[in-house]
Amino acid sequence: MAAAFRRDAPPQPDFSLLKRLARDQLIFLLEQLPGKKDLFIDADLMSPLDRIANVSTLKQHEVDKLYKVEHKAVVSSADQLCFLIRPRIQTVKWICDLVKSDKAVGRVRRYKIIFTPQKFFACEAILEEHGAFGDVSCDQWDFHLLPVDDDIISLELPEFFTDTFLAGDQRWVRTVGSALHLLHSLFGPFSKVYGIGRIAKMVYESFRIQLQTEETRTRGDAQIGNVFIIDRDVDLVTPLCSQVVYEGLVDDIFRIKCGCVEFSPDVTSSEKSVKVMLNSQDKVFNEIRNEHFSNVFGFLSQKARTLQTAYDRRRGMDIKQMKTFVSEELKGLKQEHRLLSLHIGASEAMMKRKTKQDFQEMLRTEHSLLEGFEIRECINFIEEHINRQVSVLESLRLLCLLSLTENGLLPKDLRSLKAQYLQSYGFEHLLTFSSLRTLGLIQEQQTTETLSAVETRVRLTAGRLTEAFSSLAKKSNFRALSRRLNLVPKSEDYDLRVPKDMSYVFSGAYVPLSCRLIEQVLDREGWSGLEEVTRLLNRHEFSVTGSTSGSEGSSGLTSGAGSGLGSTSSPGFGPDSQRRVLVLFLGGCTFSEIAALRFLARERGYRITTVTTAITNSSRLLESLVQNKV
């Protein structure tokens, strides 16, 4: 079962402060519109808002009724309307139409828009264009970070991946830089910052500029020592692999949102779906969340026997003992019984799906792709999967995994698989393949002769050969990276009950590349010795050592291995802070990666906090790219 953290591991910083700050700012903004008001909330903000300020809190500050933004006629009769929305053009146009319709019937209301996490000029331009700028007051709620667990913080920006890596829209870069700036101001200066990826460099630059332009006073000693900033497109293989740790499976099947999941009636005996908060406060979940699914049933059955023993203890009790039992233990036992029943039901529902023959064959195909064995058999399986029309997303996932692990597809294989996919699922997916090609998820394998010809042409037409050539096609270089970082363990006898490395999160078949990079950099205290790895990853690595207070000479960005700036012996950088690590994923991270980082933290005595733009998995990642409309 899950091992406890080492005794020398430092405690986690108190990230609940982030919730309190967000709640206080929201209350302040609501009070800027005095009197009773109706509050309209964007659909994807309702769950995060529930974690920050519940209904009773909003009612205390004169919010009369709550509505979900649905882009249709408003039924509210209030004289004051407040809109808590993302900075989206479509929503702003809907508000403009509402203001126009009220004017047409002679109705006078006050309108207030609260943009979160950032107010964009484009939204204000739409208000001005539609003649509503003077009728609406605008504010910004700097809701950057949502702690969804003790060691997980989300920016709740699921659109970051497609906006930034696919569309090339960099509007969220400053938002993430502001989030990093907030962590810096609350939990002290960072002693070391490591990053890899083009967007990671931009985020750090935004963070550094904000430090230089604003006088920031950090609170006491540094509480976070090492910070990693990683682009999602550095490791696209990991989110495409099937998750087999319990928390990852729950997310794949039931969808965890903001640390909560709604279990459907087939999981429990209740008539309605049950909304459960999955975090470290759930004792049962906390003990099985990072376990391989094959170990979960054994733990749950042992827990059930222990619970039964606790219930049986009440037999033979006298009145005084029974009174003590009821007042002190029974409530906790009932709560544990409810949670145990819930997780047993969830495990049964997952078992029905994951023990099917199709899933087992798919898992074997994935492992073969990762190991580079029997590729022709893997292609045959993918073709059968497509022709049977098993699943749009699963077929696409296997196609992408094949391309990434083989550093591209042979031209004839790509043409054949693409034609079969389009015939099975519709020609509208031509747009999907275009998006996948842009991101490098599906590429055509270039022969040596073709590469030489293209390289010669680029050499003649561009001065900066490396950047120009890399822009022609994104190569994953997975095989070379796998050999150099030992991403695919060679051991055949892998005991999942007592894992020995991070590969247990994928049944011992694969160590997440992102997590291996973090492990290597922590061991080496920099990128020194990883020059070949960073070359294969397009050389967008950087490291900054010393206080990042924003003073000249100590907060510059230097690329390359072993670049040191400032001194790490500055007062305030204690031994505890050096063992606290913050990992920022740009474009989302999976629960499998979080489980792997928790394993690394337990083994090395670290406290690792994962900060991500959103929690993702293969389905979410591909759903954002699939084009089902022409």
Side-chain angles (χ1 to χ4, degrees), residues 2 148-155 157-158 160-161 165 194-197 199-200 226-252 255-256 259 278-280 289-293 366 370 397 400-401 404-405 476 478 481-482 485-489 496 499 501-522 537 581-604 606-622:
V148 295
D149 211 335
D150 292 343
D151 60 347
I152 305 174
I153 302 174
S154 175
L155 279 80
L157 292 174
F160 184 96
F161 179 76
F165 296 105
Y194 306 105
I196 184 161
I199 306 302
N226 297 301
V227 176
F228 288 85
I229 310 174
I230 301 178
D231 280 8
R232 181 71 277 171
D233 67 351
V234 168
D235 175 18
L236 289 170
V237 172
T238 300
L240 292 174
C241 293
S242 295
Q243 301 193 86
V244 289
V245 292
Y246 182 73
E247 189 170 19
L249 276 171
V250 172
D251 185 42
D252 279 349
R255 296 292 181 104
I256 298 175
L278 297 179
N279 55 31
S280 57
R289 64 191 308 177
N290 302 316
E291 293 295 324
H292 191 275
F293 187 64
E366 282 184 36
L370 293 167
R397 181 176 69 84
C400 294
L401 202 56
L404 288 170
T405 54
S476 69
F478 178 79
L481 288 167
S482 179
L485 294 174
N486 191 27
L487 299 181
V488 180
L496 294 171
D501 60 25
M502 293 183 288
S503 68
Y504 90 95
V505 300
F506 292 117
S507 302
Y510 167 65
V511 179
L513 170 59
S514 55
C515 301
R516 180 69 91 193
L517 284 173
I518 293 167
E519 179 189 43
Q520 291 291 310
V521 172
L522 285 174
L537 293 171
V581 181
L582 188 144
V583 181
L584 172 57
F585 285 92
L586 302 176
C589 78
T590 66
F591 281 114
S592 294
E593 289 170 300
I594 294 172
L597 291 176
R598 286 170 179 158
F599 179 89
L600 178 64
R602 287 195 300 268
E603 292 293 304
R604 306 294 178 87
Y606 290 110
R607 285 284 183 177
I608 298 180
T609 301
T610 302
V611 182
T612 177
T613 52
I615 298 294
T616 191
N617 55 29
S618 59
S619 297
R620 289 195 189 99
L621 188 146
L622 293 175

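Predicted, not measured: the structure shown is a model, and the values here were computed from it.
Put simply, the side chain of Ser618 does not reach to within 4.5 Å of the side chain of Pro239, judged on heavy atoms. Side-chain contact between Ile196 and Ile229 is absent, with no heavy-atom pair separated by less than 4.5 Å. For the pair Val521/Phe228, a side-chain contact is recorded, criterion being any heavy-atom separation below 4.5 Å from C-beta on. Counting heavy atoms from C-beta outward, Val244 and Val505 have side chains that stay 4.5 Å or more apart. Using a 4.5 Å heavy-atom cutoff, the side chains of Ile153 and Thr609 are in contact. In this structure, the side chains of Met502 and Glu603 stay at 4.5 Å or more apart for every pair of heavy atoms. The shortest distance between side-chain heavy atoms of Leu600 and Ile608 falls below 4.5 Å. For the pair Asn486 and Val511, the minimum side-chain heavy-atom distance is 4.5 Å or more.
The structure places OG of Ser619 at 9.5 Å from CD of Gln243, a figure rounded to the nearest 0.5 Å. One distance of note links CD of Glu519 with CG of Leu517; it measures 10.0 Å at 0.5 Å rounding. One distance of note links SG of Cys241 with CG of Leu404; it measures 9.5 Å at 0.5 Å rounding. A distance of 9.0 Å separates CG of Leu249 from OG of Ser242, quoted to the nearest 0.5 Å. The CZ atom of Phe599 lies 8.5 Å from the OG atom of Ser503; values are rounded to the nearest 0.5 Å.
With 3.5 Å as the limit, one finds no donor-acceptor pair spanning the side chains of Arg598 and Thr610. In this model, no donor atom of one side chain and acceptor atom of the other lie less than 3.5 Å apart for Thr238 and Glu593.
The shortest non-hydrogen separation linking Leu485 to Arg516 is O-NE, 3.0 Å. Contact between Pro489 and Tyr510 at its shortest, heavy atoms only, is CD-N, 4.1 Å. The shortest heavy-atom contact between Gly197 and Val234 is CA-CG2, 4.2 Å. In plain terms, the two heavy atoms of Asp251 and Ile256 that are nearest each other are OD1-N, 3.0 Å. Here the shortest heavy-atom pairing between Pro512 and Phe506 reads CG-CE1, 3.8 Å. For Gly587 against Phe160, the heavy-atom pair with the smallest separation is N-CD2, 3.6 Å.
Ring geometry for Phe293 versus Tyr246: interplanar angle under 30°, hence parallel rather than tilted (30 to 60°).
A donor-acceptor contact shorter than 3.5 Å is absent between the side chain of Asp149 and the backbone of Asp151. With hydrogens and angles ignored, the 3.5 Å screen pairs no side-chain donor or acceptor of Glu247 with any backbone N or O of Phe591. Within the 3.5 Å criterion, the main-chain N or O of Cys589 finds a donor-acceptor partner in the side chain of Thr612. Counting only distance, with no hydrogens or angles, the side chain of Thr613 and the backbone of Gly588 share a donor-acceptor pair below 3.5 Å. Side-chain atoms of Arg232 do not come within 3.5 Å of backbone N or O of Leu586 as any donor-acceptor pair.
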Quick one: do Val250 and Arg289 satisfy side chain to side chain contact (heavy atoms under 4.5 Å, CB included)? Show the steps, please. CA-CA 9 Å; Val250 172; Arg289 64 191 308 177; over 6 Å; no

Assess the residue pair Asn290 and Tyr504 against the criterion (side chain to side chain contact (heavy atoms under 4.5 Å, CB included)); give the C-alpha distance rounded to whole Å, side-chain angles, the decisive distance to 0.1 Å, and a yes or no. CA-CA 10 Å; Asn290 302 316; Tyr504 90 95; 3.7 Å; yes

Output, in order, the C-alpha distance, side-chain angles, deciding distance and verdict of side chain to side chain contact (heavy atoms under 4.5 Å, CB included) for Leu522 and Tyr606. CA-CA 10 Å; Leu522 285 174; Tyr606 290 110; 4.0 Å; yes

Side chain to side chain contact (heavy atoms under 4.5 Å, CB included) assessment of Leu401 paired with Val237: CA-CA 6 Å; Leu401 202 56; Val237 172; 3.9 Å; yes

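Applying the salt bridge (charged side-chain N to carboxylate O under 4.0 Å, His left out) rule to Asp231 yields no partners; only residues at least two apart in sequence or on another chain are considered.
Of the residues Leu487, Leu513, Asp235, the one that meets the side-chain contact (heavy atoms from CB on, under 4.5 Å) test with Phe478 is Leu487.
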